[in-house]
Amino acid sequence: MFFLRELTHTILLHPSYFGAQLEDYLRQKLYEDVEGTCSGKHGYIISVITISDIGEGKIQPSTGQAKFKTTYTAIVMKPFKGEVVDGKVVNVNKMGFFAMVGPLQVFVSCHLTHGDMQYDPNASPPCYRSNDEVIQKDTKVRMQIVGCRVEANDIFAIGTIKKDFLGQIRED
């Protein structure tokens, strides 16, 4: 789920930032550009830990901007099939429910819930209900990832709560 990765990023910097605090601007720009983004290859970049190298800037002839190649170490989140994760339900409908696991959205279909769990559209808010569990908006749930689809700038996951010890996490 969470890994330390050494990554690179190219920063374009406008000439107005050239000066005594050039390195501070580059660090700030790196944090703004990469933290919170998603790369299909590496996963969600949660936080930049260290900046290993800021290369020499090369001036672009057409714009006057400088191009800096930076190397940094970051904490990344990449989900895997079969992994058990905890999330918070953000949306419930008759097809299933969506839960957020940090920046990752996981969909749990109604077919991947416990057999005795039924959708209750008359409840406020709508929920999935069984004899001992209620899953509605803001409920904490434990689920297993059964599939991931990775695109260039996003990751989508499908989960299940059909197995033992999965489902609503009680606060007692």
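Nothing fancy with the numbering, it's 1 onward along the sequence.
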| query | Which heavy atom in Gly159 sits nearest to a heavy atom in Leu112, and how many Å separate them? | reply | O-CD1, 3.3 Å
| message | Are there over 12 heavy-atom neighbours, none belonging to Asn153, within less than 6.0 Å of that residue's CG? | response | no
| message | Tell me whether Arg149 is salt-bridged to Glu151, with the criterion being a basic N under 4.0 Å from an acidic carboxylate O. | response | yes
| said: Strictly distance-based, threshold 3.5 Å: is any side-chain N or O of Thr70 a donor or acceptor partner for the main-chain N or O of His9? | reply: yes
| Side-chain heavy atoms under 4.5 angstrom apart, residues restricted to Ile, Leu, Val, Met, Phe, Trp, Tyr: same cluster for Val150 and Val76? | no
| Is the side chain of Gln168 donor-acceptor paired with the backbone N or O of Val134 at a distance under 3.5 Å, no angle test? | yes
| said: Assigning hydrophobic clusters by single linkage (Ile, Leu, Val, Met, Phe, Trp, Tyr; side-chain heavy-atom cutoff under 4.5 Å), is Ile75 placed with Leu7? | reply: no
| query | For Glu32, does the CD atom sit with more than 12 other heavy atoms under 6.0 Å from it, leaving out its own atoms? | reply | yes
| Tyr17 OH: over 12 foreign heavy atoms closer than 6.0 Å | no
| message | Could you see if Ile59 belongs to whatever hydrophobic cluster contains Ile11? Use Ile, Leu, Val, Met, Phe, Trp, Tyr and a side-chain cutoff under 4.5 Å. | response | yes
| field | In one Ile/Leu/Val/Met/Phe/Trp/Tyr side-chain cluster, 4.5 Å: Tyr31, Ile54 | value | yes
| request: Indicate if Ile49 and Met1 have the same hydrophobic cluster label, given that clusters are the connected sets of ILVMFWY residues with side-chain heavy-atom separations under 4.5 angstrom. | output: yes
| Are more than 12 heavy atoms from other residues, nucleotides or ligands located less than 6.0 Å from atom CE of Met95? | no
| query | Hey, is the main chain of Lys94 close enough, under 3.5 Å, to the side chain of Tyr128 for a donor-acceptor pair? | reply | yes
| query | Where do Ile158 and Val106 come nearest, in terms of heavy atoms and distance? | reply | C-CG1, 4.0 Å
| task | Let me see the working for Val108 and Val141 under side-chain contact (heavy atoms from CB on, under 4.5 Å), right down to the final yes or no. | result | CA-CA 11 Å; Val108 178; Val141 291; over 6 Å; no
| Which heavy atom of Phe97 sits nearest a heavy atom of Val89, and at what distance? | CD1-CG2, 3.9 Å
| said: Treating Lys162 as the side-chain partner and His111 as the backbone partner, does any N or O pair qualify as donor plus acceptor under 3.5 Å? | reply: yes
| said: I'd like to know whether Met77 forms a side-chain contact (heavy atoms from CB on, under 4.5 Å) with Val101, so could you lay out the CA-CA distance, the side-chain angles of the two residues, the decisive distance to 0.1 Å, and finally the verdict. | reply: CA-CA 10 Å; Met77 175 186 163; Val101 179; 4.1 Å; yes
| said: To the closest 0.5 Å, what do you measure between NZ (Lys137) and CG (Asn91)? | reply: 8.5 Å
| field | Expected output: side-chain Glu6 to main-chain Thr71 donor-acceptor under 3.5 Å | value | no
| message | For Asp86 and Lys140: C-alpha separation, side-chain torsions, deciding distance, then whether side-chain contact (heavy atoms from CB on, under 4.5 Å) applies. | response | CA-CA 7 Å; Asp86 293 349; Lys140 292 182 181 173; over 6 Å; no
| query | Lys163 side chain to Met143 main-chain N or O, any donor-acceptor pair under 3.5 Å? | reply | no
| said: Please report the interatomic distance CG(Asp154) to OG1(Thr37), rounded to the nearest 0.5 Å. | reply: 11.0 Å
| Would you find a donor on one side and an acceptor on the other, under 3.5 Å apart, between the side chain of Tyr119 and the backbone of Arg129? | no
| query | Do you know the tightest heavy-atom contact between His114 and Ile161? | reply | CE1-O, 2.7 Å
| Can you tell me how far CG of Leu30 sits from OH of Tyr72, rounded to the nearest 0.5 angstrom? | 6.0 Å
| remark: Rounded to the nearest 0.5 angstrom, the CD1-CZ distance for Ile169 and Arg142 is 4.0 Å
| Closest approach of Pro126 and Gln136, non-hydrogen atoms and distance? | O-CB, 3.9 Å
| remark: All heavy atoms of Pro79 vs all of Ile155, minimum pair found to be CG-CG2, 3.9 Å
| message | Using 0.5 Å steps for rounding, measure from the CD atom of Glu23 to the CZ atom of Phe68. | response | 10.0 Å
| query | Between Glu133 and Ser130, is there a donor-acceptor pair closer than 3.5 Å when you use the side chain of the first and the backbone of the second? | reply | no
| query | Would you find a donor on one side and an acceptor on the other, under 3.5 Å apart, between the side chain of His14 and the backbone of Ser16? | reply | yes
| remark: NZ (Lys67) and NZ (Lys69) are apart, to the nearest 0.5 Å, by 10.0 Å
